[in-house]
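As structure tokens, the structure follows; a few thoughts come after it.
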Protein chains: 2
Amino acid sequence: MPNILITTVPFAAQNPLPIELLKSAGIDFMINPLGRKLKEEELADMVGSFDVLIAGTEPITDRVMSRAPNLRLISRVGIGLDSVDLLAAERRGIQVSYTPDAPAPAVAELTIGLMLSLLRSVHVVNAQMHRGEWQRHFGRRIPEVTIGIIGTGRIGGRVLRRLSAFGTPRILVNDIHPDSQVAPKLKLEWVDKETIYREADVISLHVPLTGQTKNMIRREHLLQMKRDAVIINTARGGIINEQDLAAVMVEGHLSGTAIDVFNKEPYEGELAKIERCLLTSHMGSMSIDCRTRMEIEATEEAVRFLAGQPLQGMVPPEEYDVQRQGL
Amino acid sequence: MPNILITTVPFAAQNPLPIELLKSAGIDFMINPLGRKLKEEELADMVGSFDVLIAGTEPITDRVMSRAPNLRLISRVGIGLDSVDLLAAERRGIQVSYTPDAPAPAVAELTIGLMLSLLRSVHVVNAQMHRGEWQRHFGRRIPEVTIGIIGTGRIGGRVLRRLSAFGTPRILVNDIHPDSQVAPKLKLEWVDKETIYREADVISLHVPLTGQTKNMIRREHLLQMKRDAVIINTARGGIINEQDLAAVMVEGHLSGTAIDVFNKEPYEGELAKIERCLLTSHMGSMSIDCRTRMEIEATEEAVRFLAGQPLQGMVPPEEYDVQRQGL
């Protein structure tokens, strides 16, 4: 009888070490046979008698847990916890671990790449060139624009520090826990979110999905932004209202957006019809090194748990408080 | 009778200052009425009795100059001199100025953006998403790869210094005049071009187009590169043989390329059929600030010349030597 269900996909696709760790520890495991993100019902049907989940972003709800009588650990490959009902896990005595640091460098680097593409309309011009059209678009450089970063934690902080090599833009930042040391080489202006919406040319989101951030950016906020602003979301789908975003862009608002994360993945929606939307498939953490590190850390945690050793990546109490307070 | 022919387009499209400079100096001028890059014959027919050319990258050959009896200054908006027959200009007593520093920050920033897109397959995934396909591609981060920079002058040096915020990749560099101080924060390995072809995962070109660099990278060199290497050319068309590049990519070689410059522009060719080619329309210098600075500097030079003042952006003797020696 296998002990571990691995739901996240791909798994060990680039580096076999996570599977070797399980095998050398003599642990049985099963990898998600559907090869894609599971729906709640599918996971509920699959979770059976497993002791440990090595999990992606599929919904691990109270209902799923009610079908998993032996489940004692959820080891998340990644940082977001919006997919896990932490309070249900707590009630049921199921521990939850995650790998909050591993994905950050890859997400930050992708974010900078998306930012540079948006500022120069690279995605639009590339599509035109492949259709045989030649148009030279004017763009803007980072030192020319005002950049607004919402969320200056592990990922937002790295975005800021990477920006420091590009000259000195005006940088507006917002976080519920401002950290004056997050990017010592840059002059940061700590402001409220509305100031960022109104004044930034480039807005990038690096907050978790919580009760407080769900639907945080709706039509009214999008319309506060400059007509030629660009927005980047490599955080979580649902923070920007997707329908509102598509609607204002169809109306001609915003010069570009880069969206890596969606309400429902795989994404099927209106943004795909808008050429100045640069779309990627939840690839923020998908650099070979970061993805491998995430998988290894989550697997090591599962191995430690089954060997009765102390856990190293336990989700801290604050994350439970966020869900408890419905924040 | 106008004194200045402005052939480069767009001109003063984002900032009217260059035109205001000409007007306030009481200088007559004509802007290229075709609104696109001129062919040799078109320029020859247009150059007539003008005293000064404010020029783009159109061919300013001996034949063109033979049709311009009054021409005394060619003021290039930009850095490349491959389009100007410097020796013919010298024989005819026509001075040549350029703006070598102005475009560099914009080209360097675009290059970093293209590099990040290539490493994460952003252009390929964006095309897939717009077709309704969802595939999560693995990518690589800058600190994971070996980067090869050919040409470490104004632009290549800036690319290197911007890379310094992204961690510490292995960096191979090549230049005919190695400068050990080009990027003090980075550990650089000065190597020959063949070492870069063989060992780099990312190859970026920042050399001028000269007799020595024309067709520098042909089929045999492309095949020396790693099968999953990526190449970026934001320098000049013709340095990489376009037909050879398209052919090896169709055969499955190279995981991606980003090409901003072409033998013949507007570009019409085989690369447009290859999805993993990221194509832009000679936009390296096309940030609003850099383009404006280039136009202002070239215009100021023309105004100085017509006022009998000393020039500040004269092309140095080395550039004439390059053409004299057929390098």
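First the proteins, then the strands, lettered A, B, ... as listed; each starts at 1.
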So that I can tick it off, tell me whether B:Asp228 and B:Arg140 are bridged by a salt bridge, with the cut-off set at under 4.0 angstrom between side-chain N and carboxylate O. yes

Given 3.5 Å as the limit, does a donor-acceptor pair link the side chain of B:Arg291 with the main chain of B:Gln14, or not? no

Considering only heavy atoms, which portion of B:Arg141 lies under 4.5 Å from any heavy atom of chain A: side chain, backbone, both, or neither? both

In terms of heavy-atom pairs under 4.5 Å with chain B, the winner among A:Met129, A:Lys273, A:Met286 is A:Met286

Side-chain heavy-atom pair A:Asp201, A:Val230 within 4.5 angstrom cut-off: no

Of the backbone (N, CA, C, O) and the side chain (C-beta and beyond), which part of B:Glu275 lies under 4.5 Å from a heavy atom of chain A, both, or neither? backbone

Would a distance-only check, ignoring hydrogens and angles, find a side-chain to backbone donor-acceptor pair under 3.5 Å from A:His137 to A:Ser121? no

Heavy-atom pairs under 4.5 Å with chain A, option from B:Cys290, B:Gly139, B:Ala108, B:Gly167 with the top count: B:Gly139

Is chain B contacted by the side chain of A:Glu133, its backbone, both, or neither, given a heavy-atom distance below 4.5 Å? neither

Heavy-atom distance under 4.5 Å to chain B: side chain of A:Ala127, backbone, both or neither? neither

For chain A, find which of B:Gly113, B:Cys277, B:Ser117, B:Ala106 contributes the most heavy-atom pairs closer than 4.5 angstrom. B:Ala106

Between B:Asn32 and B:Ile6, is there a side-chain heavy-atom distance shorter than 4.5 Å? no

A:Phe11 vs A:Pro18 side-chain heavy atoms within contact, under 4.5 Å: yes

Ion pair present between A:Glu42 and A:Arg36, side-chain N to carboxylate O less than 4.0 angstrom? yes

Hey, which of B:Ile171, B:Val173, B:Ile147 is the one that makes side-chain contact (heavy atoms from CB on, under 4.5 Å) with B:Leu186? B:Ile171

Are B:Thr57 and B:Arg236 side-chain neighbours, meaning at least one heavy-atom pair lies under 4.5 Å? yes

Chain B interface, residue from A:Met283, A:His282, A:Arg136, A:Arg162 that has the most non-hydrogen pairs under 4.5 Å: A:Arg136

For chain B, which candidate among A:Gly132, A:Gly284, A:Ser164 shows the most heavy-atom pairs at distances under 4.5 Å? A:Gly284

Under a 4.5 Å heavy-atom cut-off, does chain B meet the side chain of A:Gln135, its backbone, both or neither? backbone

Dump the intermediate steps for salt bridge (charged side-chain N to carboxylate O under 4.0 Å, His left out) on A:Glu199 and A:Arg170, then the final yes or no. CA-CA 10 Å; A:Glu199 299 186 14; A:Arg170 180 176 178 222; 3.0 Å; yes

Does A:Glu58 use its side chain to pair, donor to acceptor, with the backbone of A:Gly56 at less than 3.5 Å? yes

Heavy-atom pairs under 4.5 Å with chain B - which of A:Val122, A:Asn126, A:Leu110 has more of them than the others? A:Asn126

Can you tell me which portion of A:Val9 sits under 4.5 Å from chain B's heavy atoms? Options are side chain, backbone, both or neither. backbone

A:Glu297 bridged to A:Arg76 by N-O distance under 4.0 Å: no

Between A:Leu116 and B:Leu116, is any pair of side-chain heavy atoms under 4.5 Å apart? yes

At a 4.5 Å cut-off on heavy atoms, which part of B:Ile112 comes close to chain A: side chain, backbone, both, or neither? both

Option that, when pairs with chain A are counted at under 4.5 Å, heavy atom only, ranks first among B:Leu119, B:Asp289, B:Ile274: B:Asp289

Counting only heavy atoms closer than 4.5 Å, note whether A:Pro10 contacts chain B via side chain, backbone, both or neither. side chain

Side-chain contact, heavy-atom cut-off 4.5 Å: B:His206 with B:Thr152? no

Looking at chain A, which one of B:Pro105, B:Gly269, B:Ala13, B:Pro143 has the largest number of heavy-atom pairs inside 4.5 Å, strictly under? B:Pro105

Heavy-atom proximity to chain B below 4.5 Å, by part of A:Leu163: neither

Within residues 255-268 of chain A, contacts to chain B at heavy-atom distances under 4.5 Å involve A:Phe262, A:Glu265, A:Pro266, A:Tyr267

Proximity breakdown for A:Ile142 and chain B, heavy-atom pairs closer than 4.5 Å: both

Step-by-step side chain to side chain donor-acceptor pair (under 3.5 Å) determination, B:Thr234 to B:Thr111: CA-CA 7 Å; B:Thr234 54; B:Thr111 301; 3.1 Å; yes

Name the region of A:Arg120, side chain, backbone, both or neither, that has any atom closer than 4.5 Å to a heavy atom of chain B. both

Greatest number of heavy atom pairs closer than 4.5 Å to chain B - which of A:Leu271, A:Leu278, A:Val124, A:Leu114: A:Leu278

Check for a donor-acceptor pair, side chain of B:Asn233 on one end and backbone N or O of B:Leu205 on the other, with a separation under 3.5 Å. no

